[in-house]
Amino acid sequence: MSRESMVAKLTDLRNKIDEVDKSLLGLLAKRLSLVAEVGEVKSRNGLPIYAPDREAAMLASRRKEATDLGVPPDLIEDVLRRVMRESYLSENNKGFKTLCPQLRTIVIVGGRGQMGRLFDKILTLSGYKVQILEREDWPRAKALLADAGMVVISVPIHLTIEVINSLPRLPDDCILVDLTSVKNAPLQAMLSVHSGPVLGLHPMFGSDSGTLAKQVVVYCEGRHSEAYQWLLEQIRIWGATLYRSSAIEHDQNMSFIQALRHFTTFVYGLHLAEENVDLEQLLALSSPIYRLELVMVGRLFAQDPQLYADIIMASKSNLALIKLYYQRFEEAITLLEQGDKQAFIDRFKKIGRWFGSYAKSFLMESRVLLRQANDRRK
(Lines give C-alpha, C1' and ligand atoms only; values in the text may rest on other atoms or scores of the structure.)
Protein backbone atom coordinates (compact mmCIF):
# COMPACT_ATOMS: atom_id res chain seq x y z
CA MET A 1 0.00 0.00 0.00
CA SER A 2 1.40 3.38 -1.03
CA ARG A 3 1.79 6.14 1.50
CA GLU A 4 -1.02 8.09 -0.15
CA SER A 5 -3.35 5.10 0.05
CA MET A 6 -2.41 4.48 3.67
CA VAL A 7 -3.11 8.12 4.60
CA ALA A 8 -6.45 8.01 2.78
CA LYS A 9 -7.41 4.76 4.51
CA LEU A 10 -6.48 6.11 7.96
CA THR A 11 -8.40 9.32 7.30
CA ASP A 12 -11.49 7.35 6.30
CA LEU A 13 -11.29 5.10 9.37
CA ARG A 14 -10.73 8.05 11.69
CA ASN A 15 -13.73 9.83 10.22
CA LYS A 16 -15.84 6.75 10.91
CA ILE A 17 -14.52 6.65 14.48
CA ASP A 18 -15.47 10.31 14.86
CA GLU A 19 -19.01 9.48 13.76
CA VAL A 20 -19.22 6.65 16.27
CA ASP A 21 -17.95 8.99 19.00
CA LYS A 22 -20.68 11.49 18.10
CA SER A 23 -23.24 8.71 18.37
CA LEU A 24 -21.83 7.79 21.78
CA LEU A 25 -22.15 11.41 22.89
CA GLY A 26 -25.79 11.40 21.86
CA LEU A 27 -26.43 8.20 23.79
CA LEU A 28 -24.63 9.55 26.87
CA ALA A 29 -26.72 12.72 26.74
CA LYS A 30 -29.88 10.59 26.53
CA ARG A 31 -28.74 8.42 29.44
CA LEU A 32 -27.98 11.47 31.61
CA SER A 33 -31.41 12.85 30.78
CA LEU A 34 -33.06 9.61 31.86
CA VAL A 35 -30.98 9.57 35.04
CA ALA A 36 -32.20 13.10 35.78
CA GLU A 37 -35.78 11.83 35.53
CA VAL A 38 -34.93 8.95 37.86
CA GLY A 39 -33.48 11.50 40.27
CA GLU A 40 -36.74 13.46 40.25
CA VAL A 41 -38.71 10.32 41.12
CA LYS A 42 -36.25 9.46 43.91
CA SER A 43 -36.41 12.99 45.27
CA ARG A 44 -40.22 13.05 45.41
CA ASN A 45 -40.37 9.66 47.10
CA GLY A 46 -37.43 9.97 49.48
CA LEU A 47 -35.31 7.23 47.90
CA PRO A 48 -31.50 7.22 48.26
CA ILE A 49 -29.61 8.49 45.22
CA TYR A 50 -27.23 5.53 45.58
CA ALA A 51 -28.77 2.06 45.31
CA PRO A 52 -25.89 -0.44 45.66
CA ASP A 53 -27.94 -3.55 44.81
CA ARG A 54 -29.33 -1.97 41.64
CA GLU A 55 -25.86 -0.74 40.63
CA ALA A 56 -24.22 -4.13 41.21
CA ALA A 57 -26.93 -5.99 39.27
CA MET A 58 -26.76 -3.52 36.37
CA LEU A 59 -22.96 -3.74 36.12
CA ALA A 60 -23.04 -7.54 36.22
CA SER A 61 -25.61 -7.59 33.43
CA ARG A 62 -23.68 -5.12 31.27
CA ARG A 63 -20.45 -7.07 31.78
CA LYS A 64 -22.13 -10.26 30.55
CA GLU A 65 -23.62 -8.48 27.55
CA ALA A 66 -20.24 -6.93 26.76
CA THR A 67 -18.57 -10.35 26.85
CA ASP A 68 -21.21 -11.74 24.49
CA LEU A 69 -20.44 -8.91 22.05
CA GLY A 70 -16.68 -9.39 22.26
CA VAL A 71 -16.22 -6.14 24.19
CA PRO A 72 -13.87 -6.26 27.22
CA PRO A 73 -16.18 -6.29 30.28
CA ASP A 74 -13.73 -4.12 32.26
CA LEU A 75 -14.07 -1.46 29.56
CA ILE A 76 -17.84 -1.18 29.81
CA GLU A 77 -17.67 -1.21 33.62
CA ASP A 78 -15.09 1.61 33.62
CA VAL A 79 -17.28 3.67 31.24
CA LEU A 80 -20.46 3.08 33.22
CA ARG A 81 -18.85 3.82 36.57
CA ARG A 82 -17.57 7.13 35.23
CA VAL A 83 -21.00 7.97 33.83
CA MET A 84 -22.67 7.03 37.12
CA ARG A 85 -20.26 9.22 39.07
CA GLU A 86 -21.32 12.16 36.91
CA SER A 87 -24.95 11.22 37.51
CA TYR A 88 -24.47 11.25 41.28
CA LEU A 89 -22.86 14.68 41.11
CA SER A 90 -25.80 15.93 39.05
CA GLU A 91 -28.38 14.47 41.45
CA ASN A 92 -26.54 16.02 44.39
CA ASN A 93 -27.33 19.48 43.02
CA LYS A 94 -31.07 18.87 43.04
CA GLY A 95 -33.58 18.77 45.81
CA PHE A 96 -34.17 15.91 48.23
CA LYS A 97 -37.29 14.92 50.10
CA THR A 98 -37.68 16.66 53.46
CA LEU A 99 -38.02 13.91 56.05
CA CYS A 100 -38.63 16.22 59.01
CA PRO A 101 -40.62 19.20 57.63
CA GLN A 102 -41.64 20.31 61.14
CA LEU A 103 -38.02 20.85 62.21
CA ARG A 104 -37.24 24.38 63.27
CA THR A 105 -34.20 26.28 61.96
CA ILE A 106 -30.89 24.43 61.71
CA VAL A 107 -27.91 26.47 62.89
CA ILE A 108 -24.45 25.44 61.65
CA VAL A 109 -21.71 26.75 63.90
CA GLY A 110 -18.78 27.20 61.52
CA GLY A 111 -20.98 27.01 58.47
CA ARG A 112 -18.57 28.97 56.31
CA GLY A 113 -15.90 26.31 56.67
CA GLN A 114 -15.57 23.71 53.93
CA MET A 115 -17.57 20.93 55.60
CA GLY A 116 -20.03 23.44 57.01
CA ARG A 117 -20.70 24.80 53.52
CA LEU A 118 -21.30 21.30 52.18
CA PHE A 119 -23.88 20.52 54.89
CA ASP A 120 -25.44 23.96 54.49
CA LYS A 121 -25.92 23.25 50.79
CA ILE A 122 -27.30 19.74 51.14
CA LEU A 123 -29.60 20.57 54.06
CA THR A 124 -30.96 23.56 52.14
CA LEU A 125 -31.50 21.35 49.08
CA SER A 126 -33.42 19.03 51.39
CA GLY A 127 -35.86 21.80 52.26
CA TYR A 128 -34.57 22.86 55.68
CA LYS A 129 -34.04 26.42 56.84
CA VAL A 130 -30.36 26.90 57.68
CA GLN A 131 -28.58 29.73 59.45
CA ILE A 132 -24.83 30.18 59.90
CA LEU A 133 -23.17 31.11 63.17
CA GLU A 134 -19.55 32.26 62.92
CA ARG A 135 -17.12 33.77 65.42
CA GLU A 136 -18.18 37.33 64.59
CA ASP A 137 -21.83 36.37 65.18
CA TRP A 138 -21.20 35.03 68.68
CA PRO A 139 -22.66 38.08 70.48
CA ARG A 140 -25.97 37.08 68.85
CA ALA A 141 -25.55 33.35 69.58
CA LYS A 142 -28.15 33.25 72.35
CA ALA A 143 -30.79 34.82 70.11
CA LEU A 144 -29.87 32.68 67.06
CA LEU A 145 -29.96 29.43 69.04
CA ALA A 146 -32.99 30.21 71.21
CA ASP A 147 -35.43 28.42 68.91
CA ALA A 148 -33.08 26.13 66.96
CA GLY A 149 -34.34 22.69 65.99
CA MET A 150 -30.83 21.40 65.40
CA VAL A 151 -27.36 22.80 66.04
CA VAL A 152 -24.43 21.43 64.02
CA ILE A 153 -20.89 22.06 65.27
CA SER A 154 -18.51 22.25 62.31
CA VAL A 155 -15.36 23.97 63.54
CA PRO A 156 -11.67 22.97 63.62
CA ILE A 157 -10.86 20.13 66.01
CA HIS A 158 -8.81 22.29 68.36
CA LEU A 159 -11.78 24.64 68.83
CA THR A 160 -14.56 22.05 69.07
CA ILE A 161 -14.63 21.53 72.84
CA GLU A 162 -14.31 25.24 73.52
CA VAL A 163 -17.19 26.05 71.17
CA ILE A 164 -19.42 23.32 72.65
CA ASN A 165 -18.74 24.52 76.19
CA SER A 166 -19.54 28.08 75.13
CA LEU A 167 -23.00 27.24 73.78
CA PRO A 168 -25.90 29.02 75.49
CA ARG A 169 -28.77 26.93 76.77
CA LEU A 170 -30.49 25.15 73.87
CA PRO A 171 -34.16 24.17 73.63
CA ASP A 172 -34.74 20.82 75.32
CA ASP A 173 -35.78 19.15 72.06
CA CYS A 174 -32.95 20.67 69.98
CA ILE A 175 -30.65 18.09 68.37
CA LEU A 176 -26.97 18.83 69.04
CA VAL A 177 -24.61 17.35 66.43
CA ASP A 178 -20.90 17.63 65.72
CA LEU A 179 -18.99 16.82 62.52
CA THR A 180 -15.56 16.38 64.10
CA SER A 181 -13.13 13.62 63.09
CA VAL A 182 -12.42 13.00 66.80
CA LYS A 183 -15.50 11.71 68.58
CA ASN A 184 -15.21 10.77 72.25
CA ALA A 185 -14.23 14.12 73.78
CA PRO A 186 -16.72 16.18 71.68
CA LEU A 187 -19.51 13.71 72.40
CA GLN A 188 -18.89 13.86 76.14
CA ALA A 189 -18.78 17.66 75.98
CA MET A 190 -22.11 17.80 74.13
CA LEU A 191 -23.71 15.43 76.64
CA SER A 192 -22.49 17.69 79.46
CA VAL A 193 -23.80 20.98 78.08
CA HIS A 194 -27.10 19.79 76.59
CA SER A 195 -29.77 17.56 78.15
CA GLY A 196 -31.56 16.94 74.86
CA PRO A 197 -30.76 14.73 71.84
CA VAL A 198 -27.05 14.41 71.06
CA LEU A 199 -25.38 12.79 68.03
CA GLY A 200 -21.77 12.57 66.89
CA LEU A 201 -21.09 12.40 63.15
CA HIS A 202 -17.83 11.94 61.25
CA PRO A 203 -18.09 12.35 57.47
CA MET A 204 -15.26 10.12 56.21
CA PHE A 205 -14.55 12.24 53.16
CA GLY A 206 -13.25 15.63 52.16
CA SER A 207 -15.59 18.50 51.40
CA ASP A 208 -14.20 18.54 47.84
CA SER A 209 -15.93 15.23 47.07
CA GLY A 210 -18.94 17.12 45.73
CA THR A 211 -21.43 14.40 46.70
CA LEU A 212 -22.27 12.10 49.59
CA ALA A 213 -23.06 9.25 47.20
CA LYS A 214 -20.94 6.18 48.10
CA GLN A 215 -19.30 8.06 50.97
CA VAL A 216 -19.15 6.77 54.54
CA VAL A 217 -20.54 8.68 57.51
CA VAL A 218 -19.77 7.30 60.96
CA TYR A 219 -22.31 8.03 63.67
CA CYS A 220 -21.91 7.75 67.44
CA GLU A 221 -25.12 7.82 69.42
CA GLY A 222 -25.27 10.13 72.39
CA ARG A 223 -28.78 10.54 73.78
CA HIS A 224 -32.43 10.24 72.67
CA SER A 225 -31.65 8.44 69.43
CA GLU A 226 -35.33 8.36 68.47
CA ALA A 227 -35.18 12.13 67.96
CA TYR A 228 -32.59 12.02 65.18
CA GLN A 229 -33.46 8.83 63.28
CA TRP A 230 -34.88 11.03 60.54
CA LEU A 231 -31.45 12.68 60.15
CA LEU A 232 -29.74 9.32 59.73
CA GLU A 233 -32.31 8.36 57.11
CA GLN A 234 -31.83 11.76 55.44
CA ILE A 235 -28.10 11.02 55.18
CA ARG A 236 -28.95 7.69 53.51
CA ILE A 237 -31.13 9.55 51.02
CA TRP A 238 -28.13 11.74 50.21
CA GLY A 239 -26.41 8.51 49.13
CA ALA A 240 -24.03 7.91 52.03
CA THR A 241 -23.42 4.66 53.85
CA LEU A 242 -23.87 4.91 57.61
CA TYR A 243 -21.59 3.05 60.01
CA ARG A 244 -22.50 2.92 63.70
CA SER A 245 -19.64 2.99 66.19
CA SER A 246 -19.00 3.81 69.81
CA ALA A 247 -17.00 7.01 70.23
CA ILE A 248 -14.09 5.15 71.85
CA GLU A 249 -13.91 2.52 69.09
CA HIS A 250 -14.13 5.26 66.49
CA ASP A 251 -11.16 7.12 67.93
CA GLN A 252 -9.14 3.92 68.23
CA ASN A 253 -9.73 3.11 64.57
CA MET A 254 -9.04 6.68 63.48
CA SER A 255 -5.59 6.39 65.06
CA PHE A 256 -4.79 3.87 62.32
CA ILE A 257 -6.95 5.27 59.51
CA GLN A 258 -6.00 8.92 59.92
CA ALA A 259 -3.34 9.81 62.49
CA LEU A 260 -0.75 7.14 61.61
CA ARG A 261 -1.28 7.42 57.86
CA HIS A 262 -1.14 11.20 57.84
CA PHE A 263 1.98 11.24 60.00
CA THR A 264 3.86 8.76 57.78
CA THR A 265 2.84 10.81 54.73
CA PHE A 266 4.06 13.96 56.49
CA VAL A 267 7.45 12.36 57.21
CA TYR A 268 7.79 11.10 53.63
CA GLY A 269 6.99 14.59 52.31
CA LEU A 270 9.42 16.09 54.81
CA HIS A 271 12.15 13.73 53.61
CA LEU A 272 11.53 14.57 49.94
CA ALA A 273 11.65 18.29 50.70
CA GLU A 274 14.80 18.08 52.84
CA GLU A 275 16.54 16.04 50.13
CA ASN A 276 15.29 18.61 47.59
CA VAL A 277 14.27 15.85 45.18
CA ASP A 278 13.48 16.87 41.60
CA LEU A 279 9.74 16.21 41.41
CA GLU A 280 9.68 16.56 37.62
CA GLN A 281 12.17 13.72 37.30
CA LEU A 282 10.35 11.59 39.86
CA LEU A 283 7.12 11.99 37.92
CA ALA A 284 8.79 11.32 34.57
CA LEU A 285 10.34 8.10 35.89
CA SER A 286 7.30 6.89 37.81
CA SER A 287 5.00 4.13 36.63
CA PRO A 288 1.29 4.67 37.44
CA ILE A 289 1.49 3.12 40.92
CA TYR A 290 4.42 5.28 42.02
CA ARG A 291 2.87 8.36 40.45
CA LEU A 292 -0.38 7.68 42.29
CA GLU A 293 1.47 7.27 45.58
CA LEU A 294 3.31 10.55 45.00
CA VAL A 295 0.03 12.25 44.10
CA MET A 296 -1.49 11.13 47.40
CA VAL A 297 1.53 12.48 49.28
CA GLY A 298 1.37 15.83 47.49
CA ARG A 299 -2.39 16.02 48.04
CA LEU A 300 -1.85 16.23 51.79
CA PHE A 301 0.30 19.35 51.50
CA ALA A 302 -2.30 21.16 49.39
CA GLN A 303 -4.67 21.18 52.38
CA ASP A 304 -5.03 22.92 55.73
CA PRO A 305 -2.01 22.12 57.95
CA GLN A 306 -3.99 23.00 61.09
CA LEU A 307 -6.46 20.20 60.31
CA TYR A 308 -3.75 17.56 60.08
CA ALA A 309 -1.89 18.86 63.11
CA ASP A 310 -5.18 18.54 65.03
CA ILE A 311 -5.84 15.01 63.76
CA ILE A 312 -2.35 13.70 64.46
CA MET A 313 -2.01 15.39 67.86
CA ALA A 314 -5.58 14.74 68.97
CA SER A 315 -4.62 12.31 71.71
CA LYS A 316 -1.71 10.73 73.55
CA SER A 317 -2.79 7.36 72.18
CA ASN A 318 -1.96 8.62 68.67
CA LEU A 319 1.55 9.48 69.85
CA ALA A 320 1.91 6.05 71.47
CA LEU A 321 0.84 4.34 68.23
CA ILE A 322 3.27 6.42 66.16
CA LYS A 323 6.10 5.59 68.58
CA LEU A 324 5.25 1.88 68.26
CA TYR A 325 5.35 2.25 64.48
CA TYR A 326 8.75 3.92 64.78
CA GLN A 327 9.94 0.98 66.87
CA ARG A 328 8.86 -1.49 64.19
CA PHE A 329 10.50 0.71 61.57
CA GLU A 330 13.77 0.36 63.47
CA GLU A 331 13.28 -3.41 63.67
CA ALA A 332 12.83 -3.53 59.90
CA ILE A 333 15.99 -1.45 59.41
CA THR A 334 17.86 -4.00 61.51
CA LEU A 335 16.93 -6.66 58.96
CA LEU A 336 18.51 -4.50 56.25
CA GLU A 337 21.62 -3.86 58.30
CA GLN A 338 22.04 -7.58 58.88
CA GLY A 339 21.41 -8.32 55.21
CA ASP A 340 19.02 -11.05 56.33
CA LYS A 341 16.94 -11.54 53.18
CA GLN A 342 15.35 -14.74 54.44
CA ALA A 343 14.14 -13.06 57.62
CA PHE A 344 12.70 -10.27 55.47
CA ILE A 345 10.96 -12.79 53.19
CA ASP A 346 9.59 -14.73 56.17
CA ARG A 347 8.21 -11.52 57.70
CA PHE A 348 6.77 -10.52 54.32
CA LYS A 349 4.94 -13.86 54.01
CA LYS A 350 3.65 -13.60 57.57
CA ILE A 351 2.14 -10.20 56.83
CA GLY A 352 0.64 -11.59 53.62
CA ARG A 353 -1.05 -14.37 55.60
CA TRP A 354 -2.44 -11.75 58.01
CA PHE A 355 -4.00 -9.84 55.09
CA GLY A 356 -5.45 -13.15 53.85
CA SER A 357 -7.92 -12.89 50.96
CA TYR A 358 -7.86 -9.09 51.22
CA ALA A 359 -4.38 -9.08 49.65
CA LYS A 360 -5.61 -10.48 46.33
CA SER A 361 -8.80 -8.42 46.31
CA PHE A 362 -6.73 -5.27 47.02
CA LEU A 363 -4.40 -6.24 44.17
CA MET A 364 -7.35 -6.45 41.76
CA GLU A 365 -8.86 -3.21 43.03
CA SER A 366 -5.54 -1.40 42.70
CA ARG A 367 -5.21 -2.52 39.08
CA VAL A 368 -8.40 -0.63 38.24
CA LEU A 369 -7.12 2.48 40.02
CA LEU A 370 -3.77 2.25 38.25
CA ARG A 371 -5.38 1.99 34.83
CA GLN A 372 -7.40 5.10 35.59
CA ALA A 373 -4.29 6.89 36.86
CA ASN A 374 -2.41 5.98 33.69
CA ASP A 375 -5.28 7.28 31.53
CA ARG A 376 -4.94 10.70 33.14
CA ARG A 377 -1.17 10.91 32.76
CA LYS A 378 -0.16 13.84 30.58
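Scope of the values below: all heavy atoms of this structure, side chains included, with no hydrogens, waters or symmetry mates.
- You'll find the side chain of Arg31 reaches within 4.5 Å of the side chain of Val83, heavy atoms only.
- Listed here is the closest heavy atom pair of Thr98 and Gly127: OG1-CA, 3.6 Å.
- Within 6.0 Å of CD on Gln114 lie no more than 12 heavy atoms contributed by other residues, nucleotides or ligands.
- For the pair Asn15 (side chain) and Thr11 (backbone), a donor-acceptor distance under 3.5 Å is present.
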Go through it in stages, so that I can follow the logic: the residues are Ser361 and Glu365, the test is side chain to side chain donor-acceptor pair (under 3.5 Å), and I'd like the CA-CA distance, side-chain angles, deciding distance and then a yes or no. CA-CA 6 Å; Ser361 66; Glu365 186 175 342; 5.9 Å; no
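- Side-chain atoms of Leu199 and Leu176, non-hydrogen and from C-beta on, never get closer than 4.5 Å to each other.
- The closest side-chain heavy-atom distance from Tyr325 to Thr264 is below 4.5 Å.
- Note: Lys64 NZ to Leu69 CG = 10.0 Å, rounded to the nearest 0.5 Å.
- Annotation: side chain of His202 is in contact with side chain of Ser181 (closest heavy-atom distance under 4.5 Å).
- Panel note: side chain Ser126, backbone Ile122; a donor-acceptor pair is recorded below 3.5 Å.
- In this structure, CG in Leu212 is found 13.5 Å from OH in Tyr50, a value given to the nearest 0.5 Å.
- For Lys214 and Glu55, the salt-bridge test passes: some basic side-chain N is under 4.0 Å from an acidic carboxylate O.
- Under the 4.0 Å criterion applied to side-chain N and carboxylate O atoms, Arg82 and Asp78 are not assigned as salt-bridge partners.
- Here the side chains of Leu272 and Leu294 are in contact, with some heavy-atom distance below 4.5 Å.
- Dense packing is recorded around CG of Leu32, with more than 12 heavy atoms of other residues, nucleotides or ligands lying under 6.0 Å away.
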Let's go through Asn318 and Ile311 carefully: what are the C-alpha distance in whole Å and the side-chain angles of both, what is the deciding distance for side-chain contact (heavy atoms from CB on, under 4.5 Å) to 0.1 Å, and is it a yes or a no? CA-CA 9 Å; Asn318 286 349; Ile311 290 173; 5.7 Å; no
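- Checked against a 6.0 Å centroid threshold, the rings of Tyr128 and Trp230 count as neighbours.
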Apply side-chain contact (heavy atoms from CB on, under 4.5 Å) to the pair Leu159 and Glu162, showing each step before the final yes or no. CA-CA 5 Å; Leu159 298 176; Glu162 176 187 347; 3.9 Å; yes
After noting the C-alpha distance and the side-chain angles of Lys97 and Asn45, does the key distance pass the side-chain contact (heavy atoms from CB on, under 4.5 Å) rule? CA-CA 7 Å; Lys97 184 176 180 179; Asn45 293 277; 5.9 Å; no
Full working for side-chain contact (heavy atoms from CB on, under 4.5 Å) between Val217 and Tyr243: CA-CA 6 Å; Val217 176; Tyr243 186 88; over 6 Å; no
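- Salt-bridge check for Glu136 with Arg112: passed, with a basic side-chain N closer than 4.0 Å to an acidic carboxylate O.
- For Asp310 and Gln306, the side-chain atoms include at least one donor-acceptor pair closer than 3.5 Å.
- With His194 contributing its side chain and Cys174 its backbone, the two residues share a donor-acceptor pair below 3.5 Å.
- Asp147 and Arg104 are joined by a salt bridge, as a carboxylate oxygen and a charged side-chain nitrogen come within less than 4.0 angstrom of each other.
- Within the 4.5 Å cutoff, the side chain of Ile164 has heavy atoms near those of the Pro186 side chain.
- A donor-acceptor contact shorter than 3.5 Å links the side chain of Asp178 to the backbone of Thr180.
- Under the 30°/60° scheme for interplanar angles, the aromatic rings of Phe266 and Phe301 are found to be tilted.
- Taking the charged nitrogens against the carboxylate oxygens, Glu77 and Arg62 have no contact shorter than 4.0 Å, which rules out a salt bridge.
- Shortest non-hydrogen contact noted between Pro48 and Arg236 is CB-O, 3.2 Å.
- Between the CZ atom in Arg223 and the OG atom in Ser195 there is a gap of 6.5 Å [rounded to 0.5 Å].
- Side-chain atoms of Glu330 and Thr334 form no donor-acceptor pair, as typed in the model, at a separation below 3.5 Å.
- In this structure, Glu19 pairs ionically with Lys22, as a charged nitrogen and a carboxylate oxygen lie closer than 4.0 Å.
- Scanning all heavy atoms of the two residues, the minimum distance from Lys183 to Asp251 falls at N-OD1, 2.9 Å.
- Proximity of a side-chain donor or acceptor of Glu40 to a complementary backbone N or O of Ala36 within less than 3.5 Å is not detected.
- The side-chain heavy atoms of Asn184 and His250, taken from C-beta on, include no pair separated by under 4.5 Å.
- Residues Ser154 and Ile108 come closest through the heavy atom pair CB-CG2, 4.2 Å.
- The local environment of CE in Met364 is sparse, with at most 12 non-hydrogen atoms from other residues, nucleotides or ligands closer than 6.0 Å.
- For the residue pair Gln342/Asp346, the side-chain donor-acceptor check at 3.5 Å is satisfied.
- Taking both residues in full, the closest heavy atoms of Gly222 and Leu187 are given as CA-CD1, 4.1 Å, listed atom of the first, atom of the second, then distance.
- Taking a 6.0 Å sphere around CE of Met313, one finds it holds 12 or fewer heavy atoms contributed by other residues, nucleotides or ligands.
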Would Ser166 and Trp138 satisfy side chain to side chain donor-acceptor pair (under 3.5 Å), going step by step from the backbone distance to the final call? CA-CA 10 Å; Ser166 301; Trp138 205 253; 5.2 Å; no
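- The two residues Pro171 and Leu145 come nearest to each other via the heavy atoms CD-O, 3.4 Å.
- Side chain of Ser33 to main chain of Ala29: no donor-acceptor pair is present (N/O by atom type, distance under 3.5 Å, no hydrogens or angles).
- Classified by interplanar angle (parallel below 30°, tilted 30° to 60°, perpendicular above 60°), the ring pair Tyr308/His262 is perpendicular.
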